[in-house]
Amino acid sequence: MSRGPTIRGSAARRMQAAGAASTAVRSVSGSRLSGGQISEDPNQDLRGRGWVEAYEKLLLDPQVQSARRAIKDSQLASKLSFQAATGPDDEVDEESAAAADWLNRKFGLAGYAGEMRRPIESQLRTLLDFQFLGYRYAEEVYRRDTDGEWFLWYYKDCHPRAHRDWLYDEHEGFAGIRQNDVSGLHEGEDPPEVKAGKLLLLTLDQEGANFEGRGILRPSWYWAALKLLASDMIGVGCERTACGIPSASYDREALLAAGFDDNQIDGKDNHDSLLAQLEAALAEISAGESAQLIFPKGVETSVAFNDAFDPERLGYVVSMCDQQILTSMLAQYLLLGQQGSGGAYALIKSQMDLFLEAGKNVMDMLCQSIGGPAGPGTGTAGRLLNWHTRFYALPQDRRPRLVHSGLDGASLEVLGEVIPKLKAAGEWTAQNTDESWLRSKAGAPPLAAENHRSSLEREDTDPLTRRLRQSAKS
């Protein structure tokens, strides 16, 4: 049998090189990252620590605080759990199911009490602040269980005010963080430094190597600053005009006729003159230290008001800022009930759908960061499985996934009307995954493996067809 030509030497090496994938990283991120500092924001006062300080002031605004709490509460209403991988026929992978059960028991999900130092829900409440600031990271603290397996004991939250530098490698990407010793526990030592492989980093809208991202509160900064300015002006106006400005006048001729001389009335070197007493008395009234004045005949007092001050105009500015703050925070549904807002069901429905979609996207990011493969700043579950004596060899496509449920906008009542119509039209074939999803929507326990059915078995709606199929199998 003849054989084809054999290519050897430099020609073979060239062909091999031409067909090989290039692993070299030649591009640059384009981010302004120098000396561990990111300078992406066009406002120099809102870069790095400056933005953290501005963010903490923003949280004092009642509108910001109410919207922030509403967003986080709705997201935390979703239920998290690790779910096993399924095969092409929707069969559950037994090894993946065992890994999912082990993770759920450690994290305290799917009805388990958990073995963490603090409930995972309380830890997620803090970590979810990344969407408002732009980033948040926590150090992963591990511990061995009674079987000798490593598990996550807790996420040690790192407040952004302690952040100092980002550690970055142009080829590997995120490499870790360096912090300021704000507690004073490491005085005289090098600044605390944590490698990326021991961190959970959550970033919103990251571009390139900008690990600080861009939080949903950043667009609110201008309106919050304008609101603070208008509120301060209202306060100053009230202080200066609400109580009026006391004034006094005197009739020199009447005072001279009453027996006062010029020195007693307003002598320059006489600190007990009538003029000096009037000035001191008016100052006490302005300070609230005196409530009455007694003067001789010929002295008149009055209170002057500044009619030019109009708090309603500044109040309109404050209301406009409140509305803009909420709009920029993706919390349009909070605008309902304010002046000029409609109350139609269609408006509420569209705004709630947008709100739910935003919440699901954030929870998707959280689930992928915690439950994904091990990497720099991500993949807590992946690291734990890599260290596990039983699950370390489990391929990535067979590893369990961290999923959330409860934020879907679809209603079970609506589904109950739509699905039968789709089945009647031949556009819906029931599967095990469909039942599992419906169970999660209703808050019911997951579908057990022994209760799985094929699509044909699910279509057997009458006893005769079911018996005929069973006899055919036998």
Side-chain angles (χ1 to χ4, degrees), residues 38 40-77 118 121-139 155-164 166 177 179-180 182-183 200-206 210-235 314-315 317-335 337-338 355 358-359 361-363 365-366 369:
I38 296 174
E40 290 288 332
D41 201 294
N43 190 335
Q44 295 184 4
D45 296 332
L46 298 181
R47 295 176 182 174
R49 185 170 179 81
W51 167 234
V52 174
E53 293 176 353
Y55 166 77
E56 291 181 333
K57 293 179 181 178
L58 276 172
L59 295 183
L60 299 178
D61 184 274
Q63 294 291 335
V64 172
Q65 191 62 259
S66 62
R68 172 174 168 262
R69 183 175 295 275
I71 291 173
K72 289 174 63 174
D73 286 348
S74 64
Q75 292 166 349
L76 289 171
R118 293 170 52 206
E121 290 81 6
S122 64
Q123 301 181 62
L124 294 182
R125 177 172 288 277
T126 303
L127 290 173
L128 281 173
D129 277 335
F130 84 94
Q131 59 191 311
F132 306 106
L133 177 66
Y135 74 94
R136 191 94 179 195
Y137 55 79
E139 182 181 3
Y155 285 115
K156 182 181 180 182
D157 179 56
C158 301
H159 198 284
R161 74 167 67 99
H163 178 77
R164 177 174 173 175
W166 297 99
I177 54 96
Q179 296 180 287
N180 290 311
V182 296
S183 62
L200 175 68
L201 171 64
L202 300 170
T203 306
L204 185 68
D205 292 342
Q206 176 181 339
N210 180 15
F211 306 117
E212 294 179 359
R214 186 173 293 271
I216 63 176
L217 267 182
R218 175 60 183 89
S220 304
W221 173 83
Y222 171 79
W223 297 106
L226 180 59
K227 175 184 176 182
L228 180 61
L229 176 62
S231 300
D232 288 343
M233 293 176 67
I234 292 177
L314 292 172
V317 175
V318 172
S319 299
M320 179 187 66
C321 291
D322 284 339
Q323 197 171 39
Q324 292 296 331
I325 288 172
L326 293 180
T327 302
S328 63
M329 290 184 66
L330 302 180
Q332 293 92 332
Y333 74 101
L334 289 179
L335 295 175
Q338 289 191 2
F355 179 75
N361 290 337
V362 171
M363 294 305 295
M365 294 174 57
L366 182 70
S369 298

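All values derive from a computational prediction rather than experimental measurement.
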Under the rule for salt bridge (charged side-chain N to carboxylate O under 4.0 Å, His left out), what residues qualify as partners of R118, not counting sequence neighbours? none

Residues which pass side-chain contact (heavy atoms from CB on, under 4.5 Å) with L124, listed by chain and number, not counting sequence neighbours: L76, L80, I120, L127, L366, I370

Look up atom CG in L201 and atom CD1 in I177, then write down how far apart they are to the nearest 0.5 Å. 9.5 Å

Got a sec, which residues hit salt bridge (charged side-chain N to carboxylate O under 4.0 Å, His left out) with D45, two or more places apart in sequence or on another chain? none

Who are the side chain to side chain donor-acceptor pair (under 3.5 Å) partners of Q65, not counting sequence neighbours? R68

Tell me, please, which residues at least two apart from D157 pass side chain to side chain donor-acceptor pair (under 3.5 Å). R136

Sub-4.5 Å side-chain heavy-atom contact between V362 and I71: no

Of all residues at least two apart in sequence or in a different chain, which pass the side chain to side chain donor-acceptor pair (under 3.5 Å) check with Q75? Q131

For the pair W166 (side chain) and N210 (backbone), establish whether a donor and an acceptor sit closer than 3.5 Å, ignoring hydrogens and angles. no

Is the shortest heavy-atom distance from the side chain of R125 to the side chain of D73 under 4.5 Å? yes

Can you measure from NE2 (H159) to OH (Y137) and round to the nearest 0.5 angstrom? 11.0 Å

Residues that A162 engages under side-chain contact (heavy atoms from CB on, under 4.5 Å), provided they are two or more places apart: Q179, V182

Does R49 have any side-chain contact (heavy atoms from CB on, under 4.5 Å) partners at least two apart in sequence or in another chain, and if so, which? E53, R161

Quick one: list whatever passes side-chain contact (heavy atoms from CB on, under 4.5 Å) with K156, sequence neighbours left out. E139, V141, Y154

Testing L217, D129, L133 for side-chain contact (heavy atoms from CB on, under 4.5 Å) with L59, which one passes? L217

Taking all non-hydrogen atoms of both residues into account, name the closest pair between L46 and A54 and its distance. CD2-CB, 3.7 Å

To the closest 0.5 Å, what do you measure between CE (M363) and CG (N361)? 11.5 Å

Return the set of residues passing ring pair (Phe, Tyr, Trp, His ring centres under 6.0 Å) with F130 (not counting sequence neighbours), or none when no residue passes. none

Smallest heavy-atom separation, S369 atom then L200 atom, equals O-CD1, 3.7 Å

Kindly write out the residues that satisfy side chain to side chain donor-acceptor pair (under 3.5 Å) with S220, not counting sequence neighbours, or none if the list is empty. S328

Contacts table for residues 222-235: side-chain donor-acceptor under 3.5 angstrom, sequence neighbours left out:
unit_1, atom_1, unit_2, atom_2, d
K227, NZ, D61, OD1, 3.3
K227, NZ, D61, OD2, 2.8
K227, NZ, D322, OD1, 2.6
S231, OG, K227, O, 2.8

Going by the angle between their ring planes, with limits at 30° and 60°, are W51 and Y55 parallel, tilted or perpendicular? tilted

